[in-house]
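These notes are about the structure you will find just below.
The model shown is predicted, which means the values in this text are computed figures rather than measured ones.
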Amino acid sequence: MTDSSAVSALLDRIQAPEGAGREIPDAATREIIGRAPVQTVADLDDAIARAKAAQPAWEALGHEKRSDLLLAAADAIDANAEALAHLLSREQGKPLNGPNARFELGACSAWLRTNATTMLEPQVLIDDETLHAELVYKAAGVVGAIGPWNWPLMITIWQIGPALRMGNTAVVKPSEYTPLSVLVMLSIMNDVLPADVLIGISGDREIGARLSAHPDIDKIMFTGSTATGRKIVEASAGNLARLTLEMGGNDAGIVLPGTDPAAIAEDLFWGAFINTGQTCAALKRLYVHDSVYDQVVDALAGIAASMPIGNGLDEDNVLGPLQNKAQFDIVSRLVEDAKARGARIVTGGEAAPELGELFYRPTIVADIDNDAALVQEEQFGPALPVIRYSDVDEAFAQANAVDVGLGASVWSSDPEAARQAATRMQAGTVWINSHGGLHPMVPFGGVKSSGYGLEFGVEGLKSVSVTQVVSGPGRKA
């Protein structure tokens, strides 16, 4: 267990003075853990002006020097990772262990290091006797990064890592629910970065709206709900900022006939319940063939019932609370609606008040109709509906019928059948015999109302760049 003084020292870097700011509760205990600054639109305007002024010199450093500084920033995150993980666990609710807080800090460092060392070379378009033309990638300018509360540190790095790598400066607005850990991480990175290259702004939705519409913002990176993403599109019409939007998902998984339930059960569970289900690309609805339906449901229920749930600072726990009351209410409403429709609650299906105000037991819901709200709406919490099917074509039609398409998965003991089936899914990423795994060099993005634009790897660097064609004389014959 890290010394609480280490967490306090981190908070002292950024939090508002006593009696000021917005109080941020511990997700598990609801005790106040810190005070986030509440900044104004005028503060944001000043931050953007400073970032704009700092950008030319940052870009002029060149790729090698920027790479060195980002690697140093990754070292700084690593040096403070344990205290950051404890702060994150308290603020967001995710446990230290399992694919949770320590995992998230490790991902921050890994993604930042990959961003720092990935090359984006000019593309030679024509090189002959008459013409030599290249496509080169330059910094867009000032990037506005608007992040979510579910993976606040990791997704912030996904946004700012490639932006800084390509010579942009960045202004970051964290979620109102989880500002402390993000602001602390930015402060740690700023120990090694030049002044005003990376600026955090903590405030309400007015700040986010102004950031999206500001005439000096050249690129917006957003992860969050589809409803908010649509507002960002509208707000950015005036400044024509380039957009990368990673929005809502309702990821489907399809278990094909003949699949071995025991071989896939644990991966199915974590595909759905990672971060207590609060993950954009988590498995949200599972379609299982008649031939293996009962075995899959029973296996999932057994795993769900055995998973330790509770305060994230307890080293034994791997599932935590919902992060906020609004999300807790959504999960409760959807499960109660499923009960009213006659669906079968195999395990869970209720709150766990003895653990705390926002805890909900991991829930497997079987024998549920495809048109139930728990299937058609994104629950973003620890409740998985399992839908029985007998016709494979019908399963794909139902999986593809929703207006989102972030991720999807197919599960089979036959790899070739799974690969062929994957192409039938309408989603930006389709996993085979797993769900939700990401790699810093593999592009990620959604289709339909899950957004547009790609993150990660070379494509992620391109997304925070502007292109320029340099054309000149070719080789002489």
Legend entry - Pairs touching residues 317-326 that satisfy salt bridge (Lys or Arg N to Asp or Glu O under 4.0 Å), sequence neighbours left out: Lys325-Asp329
Inset, instruction - If the plane angle is over 60° it's perpendicular, under 30° parallel, otherwise tilted; pick one for Phe273 and Phe269. - result: parallel
Legend entry - Sequence-distant partners of Asp204, salt bridge (charged side-chain N to carboxylate O under 4.0 Å, His left out), two or more places apart: none
Legend entry - Glu377/Lys284 ion pair, N-O < 4.0 Å: no
Legend entry - salt bridge (Lys or Arg N to Asp or Glu O under 4.0 Å) pairs, two or more places apart, involving residues 452-463: Glu459-Lys462
Legend entry - NZ/NE/NH1/NH2 to OD/OE distance under 4.0 Å, Arg30 and Glu23: no
Legend entry - Selection residues 188-203 - residue pairs positive for side chain to side chain donor-acceptor pair (under 3.5 Å), sequence neighbours left out: Arg13-Asp191, Arg50-Asp196
Inset, instruction - Quick one: list whatever passes salt bridge (charged side-chain N to carboxylate O under 4.0 Å, His left out) with Asp26, sequence neighbours left out. - result: Arg90
Legend entry - salt bridge (charged side-chain N to carboxylate O under 4.0 Å, His left out) against Lys448, all qualifying residues, sequence neighbours excluded: none
Inset, instruction - Mind checking ring-ring contact (aromatic ring centres under 6.0 Å, His included) for Tyr360 and listing every partner two or more places apart, or none if nothing turns up? - result: none
Legend entry - Glu104: salt bridge (charged side-chain N to carboxylate O under 4.0 Å, His left out) partners, not counting sequence neighbours: Lys94
Inset, instruction - Would you name the heavy atoms of Thr169 and Ala54 that are closest together and state the gap between them? - result: CG2-C, 4.1 Å
Inset, instruction - Would you please name every residue forming a ring-ring contact (aromatic ring centres under 6.0 Å, His included) with Tyr452, sequence neighbours left out? - result: none
Side-chain donor-acceptor pairs under 3.5 Å in residues 137-152, sequence neighbours left out?
from: Asn150; atom 1: ND2; to: Gln278; atom 2: O; distance (Å): 3.2
from: Trp151; atom 1: NE1; to: Thr279; atom 2: OG1; distance (Å): 2.9

Inset, instruction - Check whether any side-chain N or O of Gln39 sits under 3.5 Å from a backbone N or O of Asp43 as a donor-acceptor pair, and report yes or no. - result: no
Legend entry - Donor-acceptor side-chain pairing of Ser181 and Glu91 below 3.5 angstrom: yes
Inset, instruction - Can you run down the ring-ring contact (aromatic ring centres under 6.0 Å, His included) pairs that involve residues 155-176, sequence neighbours left out, and say none if there aren't any? - result: Trp111-Trp158, Trp158-Phe456
Inset, instruction - With sequence neighbours left out, write down each residue that passes ring-ring contact (aromatic ring centres under 6.0 Å, His included) with His214, or none if nothing qualifies. - result: none
